[in-house]
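Some notes on the structure that comes next.
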Amino acid sequence: MEHIRTTKVEQVKLLDRFSTSNKSLTGTLYLTATHLLFIDSHQKETWILHHHIALVEKLALTTSGCPLVIQCKNFRIVHFIVPRERDCHDIYNSLLQLSKQAKYEDLYAFSYNPKQNDSERLRGWQLVDLAEEYKRMGLPNSNWQLSDANRDYKICETYPRELYVPRIASKPIIVGSSKFRSKGRFPVLSYYHQNKEAAICRCSQPLSGFSARCLEDEHLLQAISKANPANRYMYVMDTRPRLNAMANRAAGKGYENEDNYSNIRFQFVGIENIHVMRSSLQKLLEVSGTKGLSVSDFYSGLESAGWLRHIKAVTDAAIFLARAIMVENASVLVHCSDGWDRTSQVCSLGSLLLDPYYRTIRGFMIHEHIHSCQFGNFIGNCQKEREELKLKEKTYSLWPFLLHDQKKYFNPLYSSTSQKLAVLEPNTVSFNFKFWRNMYHQFDRTLHPRQSVFNIIMNMNEQNKQLQKDVKDLESQIKQHKNKQTDGVLTKELLNSVRPESPALKTSLCLKEQTLLPVKDALRTVEGSSPADNRYSEYADEFSKAEPAVVSSEYGVARMTC
Amino acid sequence: MEFAELIKTPRVDNVVLHRPFFPAVEGTLCLTGHHLILSSRQDNTEELWLLHSNIDAIDKRFVGPLGTIIIKCKDFRIIQLDIPGMEECLNIASSIEALSTLDSITLMYPFFYRPMFEVIEDGWHSFLPEQEFELYSSATSEWRLSYVNKEFAVCPSYPPIVIVPNAIDDEALRKVATFRHGGRFPVLSYYHKKNGMVIMRSGQPLTGTNGRRCREDEKLVNATLRAGKRGYIIDTRPLNSAQQARARGGGFEQEAHYPQWRRIHKSIERYHILQESLIKLVEACNDQTHNMDRWLSRLEASNWLTHIKEILTTACLAAQCLDREGASILIHGTEGTDSTLQVTSLAQIILEPRSRTIQGFEALIEREWLQAGHPFQQRCAQSAYCNSKQKWESPVFLLFLDCVWQILRQFPCSFEFNENLLIMLFEHAYASQFGTFLGNNESERCKLKLQQKTMSLWSWVNRPSELSKFTNPLFEANNLVIWPSVAPQSLQLWEGIFLRWNRSSKYLDEAYEEMVNIIEYNKELQAKVNILRRQLAELETEDGMQESP
């Protein structure tokens, strides 16, 4: 709390990000230890977690106040105007301090308390059990086994304790290989395809320089190759552009020399590194955040940002990987430089294409909150660090929250039976890649369709389940009544002869059919669509201002200029 | 002329047909006066049944004695025929060329087509101007039907019946017609029941360089505004184009003479600029080898989505003036037959829930495009593969359909029809067995006696079996004005048209089917629950009666 000087500022304006006429909402800004909160005059709340903040900027003072622009990691961008510069300055300084990730322990995840008891918390952490996952893949088996080589993080700090390696790879081979790989990240199993007996393995680049070689490393690759009885050769995919890989040789790193390794097929796939990706995303957000953006600028910006090019490159690499396994029955070893960015992208996307299990919610455990610091899952850089932080005792796992909320994430069109289509092979012709508006503009309501087919179908699906239950209930109630009536049938006939037309019966028949769908109707109504949101013209503002008197004077001006 | 003269080789065996997404198939190729047919004679089906009028361009190639004809269709599909024998191939190619570019309209297929279906309602009489006017006449007496153009003498591109201000007589209309391009005097396009404001359309005023005036025109335009009301004249051309038009006798309204009106200039492109845009876009979509940068840069260079944005923005502006500012609108460009109609019809889609139903949309096409005199014959003579440099062709109607699709995508529950209806209209505007899109205006259609000699497209569409294909399962009528987003991020390439032949939609179709299943099942369950509830209520009352005595 020592960073917070001002906790509340009134009469703050929240600008419409895309409005060329500086449309805004006025409200009150609150600063708490964990969040920035804006409540506008309609009592609508905007919450921003400090650790979501990527960038805070204080712009030059204007006549209406001091502009404060906050960019978040989840692509929210808010533009405040604070009436007094002094308040703005206080908030700015507080946010600078609060958004800094100085120590892991300061993160919200460590103070977040969702009211779970210890056993619930433990269960949450156990939801994703890697040992179970290997079992599902059919491991260990006669070719692959769990290695205890890294039990104490001695060989590789950034690897987990449990690693699967070929059964025939002895510990000295593993140790030898790890010494020949960047950061000690020797080849280990990432995914095992049970039917094909082929494996996806991952590692970092070899320290080959221009001519160095390592017999243990060569043996380890051979062992991986031999662990696949269906194919004699294996692929080594270097996910970097060839030039980058070659440049690394000068630093004593590099890539595998095909002549030194028996039966490998070496392949570059040309995915750019994190620095290129980061500036590409930055450029993309710059373009898509431009006020009064023209179609032409949008597409040339999309092109020069290169973002879709990177998406396509990663997808193409994943398809190459999946095809190597499905079509050629070959195992694949994937690496880049350190083997934790591009390699992770390609291995995980590749197994998603290969294995329908990863396309279920439990299988995927989608990390929508990848930047969230509310949960402990994405804190720290590797298992060792996470253990040292005692995340399992001090924070909560994200997964039980996702599972509890999984209705929100269900695809209503998903059909597990159509998984005959076990392996996906997306078409990567350029025109199939599109700007992901729902992600990069998730907070820009006006840019999205005003009615969501997806939400309607999702709710309908839920409603169908309820209706099925209703049908069952009603049927059993009717059955009960009928049973009761056959007992009293004589009385009934007597009654009917006296009163053939019962007024009570009549009214019951006229019962208005109940409206079943309040949810659906609400969803179908057109949400918040207004011409003012859409900036059709610069005239819009004149229109709204113009009283007849003002208009006639404007006519005068127009006449003079004509 | 006999078609036989144009067909030297009516039949070739062992022709191989290559189509997108289908395996090559060998069969017999037959040429008739209006069709190109290929059948492998298996299952009694024809693999290819193509109207000559759907052919936009052909290429020939020879490798030894094997000839290849590449046929590029107006719906953007490209197919390939491998024909053994050079002579046969040359004959077929020259026949196709001749038959696909027949000069005389009366030789076209609609005049020969005999429908195989039962006509429930004759589409030629489905949308009569009198009926359309009845929708308004209950709400206002300020407008009337005028038969001044009965003989097409006042305005050749107008229908015989138009809606005009009650206060203006036919004599004045004749005078106004001489002051407006093509005789297109201002007529009512849309009446906004909510506030009584209107959209009118016309041709440009013929002010010329010396600022000619027409009292009747000023009276007509001013008569549509009640005292104290304002109006906006939306000129679809930028100011400098409108100024240049004066040199050619055209021009724009001087605000001094129309004191309640203010003029706004927008810039919607026309003619060959749109045609070139279409050619570039289709070219880009057809090349699957593009890397990402090349694809994005060609998509951008085509400018197609820029045109979409411009048209939509103008339509939204018009709708905004009407609905939010309570002002009436007069829209024109130069002739008032292209961009004008795009704007008037899209504004109605935005404002008027009826135009988002199937019937209402058909009525809109009939009223704002066919009867309003959009020159379909000229605009749709050639499509994206044309290399003739004629200046009449222009995908004005396709752009309109694309804009409707963009709105449909943003409001997927507000339209009774689905994308298929839009695609179907596009196809029939360019090549059809029906007479609906023949001719450039009502006058020409009348002379061609289309009503007597051809079948209306609406006769075919408005049968339950066809309608089911065009119905949007998500539709739920809403009476709201729908304001689409025109941000570049919200506009998309219409894949159903432009990528239709370039990628398989199998998985997307499956997903759509699954969606329809969920909706159908929902309806079924709801009906069932209602029946059961009623049954139960009945039983409960009976029980109550048994117990009551």
Side-chain angles (χ1 to χ4, degrees), chain A residues 288 293 295-296 298-300 302-303 308-309 312 412-413 415 427 429-431 435 437 441 446-447 449-451 453 456-457 460-461 463-464 467-468 470-471 474-475 477-478 481 488 491-492 495 502 504-505 508 511 513 516 524 526 529-531 534 536-537 539-540 543 551 555 558-559 562, chain B residues 230 255-256 262 264 285 288 290-293 295-297 299-300 305-306 309 313 316-317 320 324-325 409-413 474 476 478 480 482-483 485-490 499 503 511 514-515 518-519 521-522 525-526 528-530 532-533 535-539 541-546 549:
Chain A
S288 67
L293 183 65
V295 173
S296 200
F298 176 61
Y299 280 100
S300 55
L302 211 51
E303 183 198 338
L308 293 178
R309 193 175 69 228
K312 177 167 154 60
L413 303 180
S415 125
N427 181 338
V429 177
S430 297
F431 55 55
F435 174 74
R437 187 186 55 213
H441 285 298
T446 57
L447 296 184
R450 303 313 204 287
Q451 294 161 326
V453 173
I456 288 165
I457 297 300
M460 216 175 249
N461 221 9
Q463 197 197 31
N464 285 356
L467 285 170
Q468 280 173 334
D470 290 354
V471 168
L474 285 165
E475 276 171 349
Q477 282 183 45
I478 287 171
H481 271 284
T491 350
K492 185 187 152 202
L495 271 167
S502 143
L505 184 66
S508 82
L511 272 180
E513 289 188 0
L516 289 162
R524 278 174 197 262
V526 185
S529 152
S530 96
N534 293 299
Y536 300 133
S537 134
Y539 300 100
F543 286 151
V551 172
Y555 282 139
R559 218 176 293 156
C562 255
Chain B
R230 294 179 292 146
E255 280 169 340
R262 221 186 116 192
I264 300 172
C285 291
Q288 313 229 351
H290 286 326
N291 65 28
M292 187 59 71
D293 290 2
W295 157 246
L296 289 173
S297 96
L299 179 61
E300 188 240 311
L305 289 168
T306 302
K309 182 175 158 73
T313 306
C316 289
L317 175 69
Q320 189 183 348
R324 295 297 161 107
E325 307 300 324
R409 266 196 70 264
Q410 296 188 27
F411 298 89
C413 309
L474 290 166
E476 202 143 282
N478 88 55
L480 299 170
I482 52 176
W483 301 106
S485 162
V486 294
Q489 296 96 319
S490 308
L499 300 181
R503 53 135 217 221
E514 186 58 38
M515 184 189 89
I518 291 173
I519 297 169
Y521 187 46
N522 186 267
L525 281 173
Q526 289 206 40
K528 198 163 176 188
V529 166
N530 279 330
L532 289 175
R533 279 200 181 139
Q535 264 182 31
L536 188 64
E538 241 169 277
L539 288 169
T541 345
E542 284 174 27
D543 281 4
M545 284 174 355
Q546 281 170 17

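Convention: sequence-line order gives letters A, B, ...; per-chain numbering from 1.
A donor-acceptor pair under 3.5 Å is formed between the side chain of A:Ser430 and the backbone N or O of B:His290. Distance alone, capped at 3.5 Å, places no donor-acceptor pair between the B:Gln535 side chain and the A:Ile478 backbone.
Residues B:Ser490 and A:Leu447 approach most closely at OG-O, 2.8 Å, considering heavy atoms. In plain terms, the two heavy atoms of B:Ile518 and A:Met460 that are nearest each other are CG2-CB, 4.2 Å. Across all their heavy atoms, B:Cys413 and A:Gln451 have their closest contact at N-OE1, 3.0 Å. B:Lys528 approaches A:Val471 most closely through the heavy-atom pair CE-CG1, 4.0 Å. The minimum heavy-atom distance linking A:Asn427 with B:Arg503 is given by the pair ND2-CB, 4.4 Å.
When A:Asn461, A:Leu302, A:Leu413 are compared by the number of non-hydrogen pairs under 4.5 Å with chain B, A:Leu413 comes out ahead. Of the listed residues (B:Glu300, B:Arg409, B:Met515, B:Gln288), the one with the most heavy-atom contacts under 4.5 Å to chain A is B:Glu300.
Rounding to the nearest 0.5 Å gives a distance of 4.5 Å between CG of A:Asn464 and CG of B:Asn522. Interatomic distance, CD of A:Gln468 versus CG of B:Leu525, reported as 5.5 Å (0.5 Å rounding). Going from atom CG of A:Leu308 over to atom CG of B:Asn291 covers 12.0 Å, rounded to the nearest 0.5 Å. The structure places CZ of A:Phe298 at 5.0 Å from CD of B:Gln489, a figure rounded to the nearest 0.5 Å. One distance of note links CZ of A:Phe431 with CE of B:Met292; it measures 11.0 Å at 0.5 Å rounding. Atom CD of A:Glu475 is separated from atom CG of B:Leu532 by 5.5 Å, given to the nearest 0.5 angstrom.
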Criterion side chain to side chain contact (heavy atoms under 4.5 Å, CB included) on A:Arg450 and B:Ile482, from CA distance to verdict:
CA-CA 9 Å; A:Arg450 303 313 204 287; B:Ile482 52 176; over 6 Å; no
Side chain to side chain contact (heavy atoms under 4.5 Å, CB included) assessment of B:Leu305 paired with A:Tyr299:
CA-CA 10 Å; B:Leu305 289 168; A:Tyr299 280 100; 3.3 Å; yes
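For B:Leu499, the part lying under 4.5 angstrom from a heavy atom of chain A is the side chain only. Looking at A:Arg437, only its side chain comes within 4.5 Å of chain B, counting heavy atoms on both sides. Within the 4.5 angstrom heavy-atom criterion, only side-chain atoms of B:Leu299, from C-beta onward, approach chain A.
Contact annotation: the side chain of B:Ser485 never approaches that of A:Thr446 to less than 4.5 Å [non-hydrogen atoms, C-beta and beyond].
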